[in-house]
Every structure is written in C-alpha cells, then in structure tokens.
Asks: 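Structure in structure tokens, see below.
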2 protein chains.
Amino acid sequence: MVKEKQVRSTAAKQHIREILSKSETAMSQPEILEHSEGICDRVTIYRVLDRLLHEGEIHRAVGMDGITRYASCRQCDHDHGHQHDHLHFSCEVCGEVTCLEKVVPVLKLPRGYQAREASYMISGICPDCG
Amino acid sequence: MVKEKQVRSTAAKQHIREILSKSETAMSQPEILEHSEGICDRVTIYRVLDRLLHEGEIHRAVGMDGITRYASCRQCDHDHGHQHDHLHFSCEVCGEVTCLEKVVPVLKLPRGYQAREASYMISGICPDCG
DNA sequence: TATTTCATGCAACTCTGTTGCATTAATTAC
DNA sequence: GTAATTAATGCAACAGAGTTGCATGAAATA
C-alpha cells in the first residue's frame with residue numbers, strides 16, 4: 001500500500017497560482033519573486049512550482065537562455081491525456097516567453113522512444129517588438 | 001565599410017570540432033571538457049563553441065535541465081537556409097541528448113512572429129534505456 | 001620577421017536551482 | 001476546540017552553468 005502524500009493549500013501556493021493565472025506570459029522564478037510582494041522565500045517559490053507542476057496545474061518550458069518558465073494550464077486538453085505540447089515563443093528583444101497554445105507541432109517519434117515531457121521553443125522577434 | 005572578423009584555426013577549435021563530430025550525442029560544455037584531455041581551459045570551450053555556432057558548423061539545443069548542448073551539423077540542409085529545426089530527445093535515465101535529424105516538427109507560426117532559432121526537445125526514455 | 005589582431009588562461013563573478021535542518025502551520029482525529 | 005501528525009516554510013549554505021575583464025600568447029598577413 002502506497003501512502004499518497006496529501007495536498008495542502010497554503011498562502012504561498014494560492015498566491016503563486018494566482019500570479020501565474022493572471023500572467024499573459026510564462027514566468028521564471030525571479031519574475032514570480034518580483035510579483036510576489038515578499039509573501040515567501042525564493043526557495044519556497046521553487047518548491048511550490050514543483051508541486052503545482054506535479055499536480056498538473058501548471059506546465060513549464062525551458063527557454064534558449066536555459067531558464068525554466070512556468071505557466072498555468074488553460075486551453076490544454078485535460079480530457080485527452082493532459083499534454084502541454086504547444087509551442088512557446090521567446091522574444092530576443094523584450095525577453096518575454098509566450099505560450100502559443102494553438103500551435104501544436106506535429107511530429108512522429110521513432111520507434112522505441114517514450115515521450116514524457118515536451119518543450120518546443122522558438123526564439124526570435126515577437127509581434128510587439130517586430 | 002564593416003570589417004569582418006577573420007576566422008582563425010586554432011588547436012582548441014580543431015580539437016573541439018573533432019570531439020563533436022565523433023560524438024553520437026549532443027554534448028554539454030562539461031562533457032566536452034571531460035573528453036578534451038586538458039587541451040584548454042573551460043572558458044575557451046565556451047568561446048570556441050560560440051564561434052563554431054556563429055560559423056554554422058554546429059547547432060545547439062537546450063535540455064529540460066536547462067543545460068545547453070552542442071552537436072555538429074550533419075544531415076542538416078545547408079542549401080536551404082541552414083535550419084537546425086530537427087527534434088532532440090533527452091533521456092531521463094541515461095541523460096543523453098540525441099539529435100533526431102530525421103524528425104522535423106511541422107507547425108505554422110502565427111502572423112507577426114519572426115523565428116530565428118528553434119529548439120524542439122522531448123524528454124522521456126530512449127530505446128537503449130526502455 | 002615584424003605587425004596586427006584574434007584566441008587563450010586565469011581569476012573572479014553572476015545567476016539559477018538545490019539541499020539540510022530546525023521551525024511553523026495546515027489537516028486530521030479525538 | 002485541542003492535541004497529534006505531517007507537510008510547508010525560512011534560512012543558510014551549497015552546486016554548477018555560464019560570463020567578463022585583463023594580461024598574455026599565438027595565428028595570419030604583409
């Protein structure tokens with residue numbers, strides 16, 4: 001019998017969830033920290049993000065700069081396997097990373113490879129900066 | 001008149017180029033350092049990789065771990081714009097990142113976005129570890 | 001061979017992300 | 001409501017990728 005770790009609702013978690021759900025762009029830990037008004041430590045932010053990630057409330061994408069950014073799940077299809085395989089765009093001018101939830105790359109993984117997580121990132125110039 | 005910076009051939013550059021061309025997988029700076037037999041400093045490796053990247057000899061992909069890995073250009077199509085938009089697979093067991101040069105994701109970037117570099121990464125379990 | 005200019009080594013640094021541990025707070029059972 | 005349980009937090013310290021400044025060394029060119 002495996003004991004499931006119970007999910008606890010805390011102030012930090014609610015706060016971070018709200019920051020992400022209000023954001024138009026995917027946010028990194030430092031960006032979240034800026035908007036958190038000192039509600040918690042930066043380590044806590046990392047840990048809350050991990051939990052939200054595992055609980056399926058948010059997804060992440062790694063930018064060309066190697067920084068992980070998080071975004072809440074919106075248009076993703078929870079009924080069909082809960083995939084977050086849409087494209088992300090990283091602007092080289094303003095630095096913002098945007099979820100392009102409607103753009104889902106099509107590909108065929110060769111035999112033998114088992115996919116668990118995808119990160120599709122294109123960097124360039126976004127409409128606002130172009 | 002803009003003076004082009006001349007391309008110089010050095011021992012470190014040749015060595016690193018050879019390491020990458022012999023590798024079956026995309027390599028990070030620490031991995032290259034391990035195979036470099038102390039031929040040069042780790043900072044030099046970063047700088048050489050930057051040069052090879054700009055000269056179009058190699059391409060890079062950022063893994064889910066946020067680490068940048070480099071691979072030499074082989075099957076990429078130099079005659080048609082020199083794109084390195086193939087898929088990369090990051091194994092969660094052995095940690096290796098492989099170029100799947102034959103798998104090129106198909107997508108349509110929305111109007112207004114200008115692409116300059118792409119990084120398509122799927123993590124999971126590779127055929128050797130599955 | 002001398003000159004020019006690029007490449008290298010070294011040290012120090014920045015930044016993202018992680019870990020250990022003692023303390024605090026949310027659940028649960030009573 | 002209160003005590004017991006266990007997860008969450010804060011803090012400090014750490015790890016590792018990647019960068020920068022500067023003096024030195026080594027290609028390429030004439």
Side-chain angles (χ1 to χ4, degrees), chain A residues 1-19 26-55 57-58 60-70 90 92 95 97 117 119 121 123, chain B residues 1-19 26-55 57-58 60-70 90 92 95 97 117 119 121 123:
Chain A
M1 168 186 158
V2 179
K3 195 187 286 181
E4 285 279 321
K5 209 173 174 181
Q6 70 184 25
V7 173
R8 208 169 273 193
S9 180
T10 65
K13 190 175 178 182
Q14 290 168 26
H15 203 113
I16 292 170
R17 193 192 343 241
E18 198 168 314
I19 290 173
M27 297 175 79
S28 62
Q29 176 274 325
E31 285 169 346
I32 294 170
L33 184 62
E34 263 182 50
H35 289 76
S36 68
E37 295 160 347
I39 191 103
C40 67
D41 192 77
R42 66 185 199 93
V43 177
T44 300
I45 295 180
Y46 279 113
R47 295 199 261 230
V48 167
L49 289 172
D50 262 4
R51 264 176 282 149
L52 290 174
L53 196 63
H54 286 119
E55 289 162 17
E57 285 195 48
I58 62 175
R60 63 174 177 174
V62 182
M64 301 298 289
D65 52 9
I67 295 173
T68 304
R69 276 161 238 256
Y70 301 84
S90 171
E92 292 171 357
V97 173
E117 192 174 0
S119 177
M121 184 69 63
S123 67
Chain B
M1 170 185 160
V2 178
K3 195 188 286 182
E4 286 278 323
K5 209 172 174 182
Q6 69 184 25
V7 173
R8 205 171 275 192
S9 179
T10 65
K13 190 174 178 181
Q14 290 169 26
H15 201 114
I16 291 170
R17 190 187 352 235
E18 199 168 315
I19 290 173
M27 297 175 79
S28 62
Q29 176 274 324
E31 286 169 345
I32 294 170
L33 184 62
E34 262 183 48
H35 289 76
S36 68
E37 295 160 345
I39 191 106
C40 67
D41 192 77
R42 68 186 198 89
V43 177
T44 300
I45 295 180
Y46 279 113
R47 295 199 261 231
V48 167
L49 288 172
D50 262 3
R51 262 176 283 149
L52 290 173
L53 196 63
H54 286 119
E55 289 161 16
E57 285 195 47
I58 62 175
R60 64 174 178 174
V62 182
M64 300 298 289
D65 52 8
I67 295 173
T68 304
R69 276 160 237 255
Y70 301 85
S90 171
E92 291 170 358
V97 173
E117 193 174 359
S119 176
M121 183 70 62
S123 67

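Every chain is numbered from 1, with letters handed out A, B, ... down the list of sequences.
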Asks: B:I67 CD1 to C:dG17 P: how many Å, rounded?
Replies: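 So the CD1-P distance, B:I67 to C:dG17, works out to 11 Å.
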
Asks: Taking only the side-chain nitrogens and oxygens of B:R60, find out if one of them lies under 4.0 Å from OP1 or OP2 of D:dA17.
Replies: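 No.
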
Asks: Specify the residue among B:G66 and A:G38 whose closest nucleotide of DNA chain D lies further upstream toward the 5′ end.
Replies: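 The residue closer to the strand's 5' end, by nearest nucleotide, is A:G38.
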
Asks: Rounded to the nearest angstrom, tell me the gap between atom CD1 in B:I45 and atom P in D:dG18.
Replies: 11 Å

Asks: For B:M64 and A:E117, what are the C-alpha separation, side-chain angles and deciding distance, and is it a side-chain contact (heavy atoms from CB on, under 4.5 Å)?
Replies: CA-CA 9 Å; B:M64 300 298 289; A:E117 192 174 0; 3.2 Å; yes

Asks: Using atom CE of A:M27 as one end and atom P of C:dG17 as the other, report the distance to the nearest whole Å.
Replies: 13 Å

Asks: Is any side-chain heavy atom of A:I19 closer than 4.5 Å to a side-chain heavy atom of A:M27?
Replies: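 SC-SC contact between A:I19 and A:M27 confirmed.
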
Asks: Testing B:D50, B:I45, B:L52 for side chain to side chain contact (heavy atoms under 4.5 Å, CB included) with B:V48, which one passes?
Replies: B:L52

Asks: Base contacts versus sugar-phosphate-only contacts with protein, heavy atoms under 4.0 Å: please encode nucleotides 22-28 of chain D as B, S and - from 5' to 3'.
Replies: ----BBS

Asks: What's A:R42 touching, base or sugar-phosphate or nothing? Going by heavy atoms closer than 4.0 Å.
Replies: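 Touches a base.
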
Asks: Does A:S36 reach the side chain of A:I16, with side-chain heavy atoms less than 4.5 Å apart?
Replies: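 Heavy-atom side-chain distance check fails, nothing below 4.5 Å.
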
Asks: Just wondering, do B:R69 and B:I67 contact through their side chains at under 4.5 Å, heavy atoms?
Replies: yes

Asks: Both B:P30 and A:D41 contact DNA chain D. Which one's nearest nucleotide lies toward the 5' end?
Replies: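 Checking each residue's closest nucleotide, the 5'-ward one belongs to A:D41.
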
Asks: Quick check for you: among D:dG10, C:dG9, C:dG17, whose closest atom lies nearest to any side-chain atom of A:T44?
Replies: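 Nearest to the side-chain atoms of A:T44, counting from C-beta on, is D:dG10.
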
Asks: Nearest whole Å is fine: how far is C:dT8 P from B:I16 CD1?
Replies: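 Distance, rounded to whole Å: 8 Å.
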
Asks: Does a sphere of radius 6.0 Å around NE2 in A:H15 hold more than 12 heavy atoms from other residues, nucleotides or ligands, not counting ones at 6.0 Å or beyond?
Replies: yes

Asks: Without decimals, in angstroms, what is the distance between B:L33 CG and D:dG16 P?
Replies: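 After rounding, the reported distance stands at 13 Å.
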
Asks: So A:I39, base contact, sugar-phosphate only, or nothing? Heavy-atom distance under 4.0 Å.
Replies: sugar-phosphate

Asks: Quickly work out the A:L49 CG to C:dT16 C1' distance and round it to whole Å.
Replies: 13 Å

Asks: Rounded to the nearest Å, what distance is computed from the CG atom of residue B:D50 to the C1' atom of nucleotide D:dG18?
Replies: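 In whole Å, D:dG18 C1' and B:D50 CG are 10 Å from each other.
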
Asks: In whole Å, I'd like the distance from the OH atom of B:Y46 to the P atom of C:dA12.
Replies: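 Checked: the OH to P distance equals 19 Å.
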
Asks: Within the structure provided, determine whether B:K13 and B:E55 are in side-chain contact (heavy-atom separation under 4.5 Å).
Replies: yes

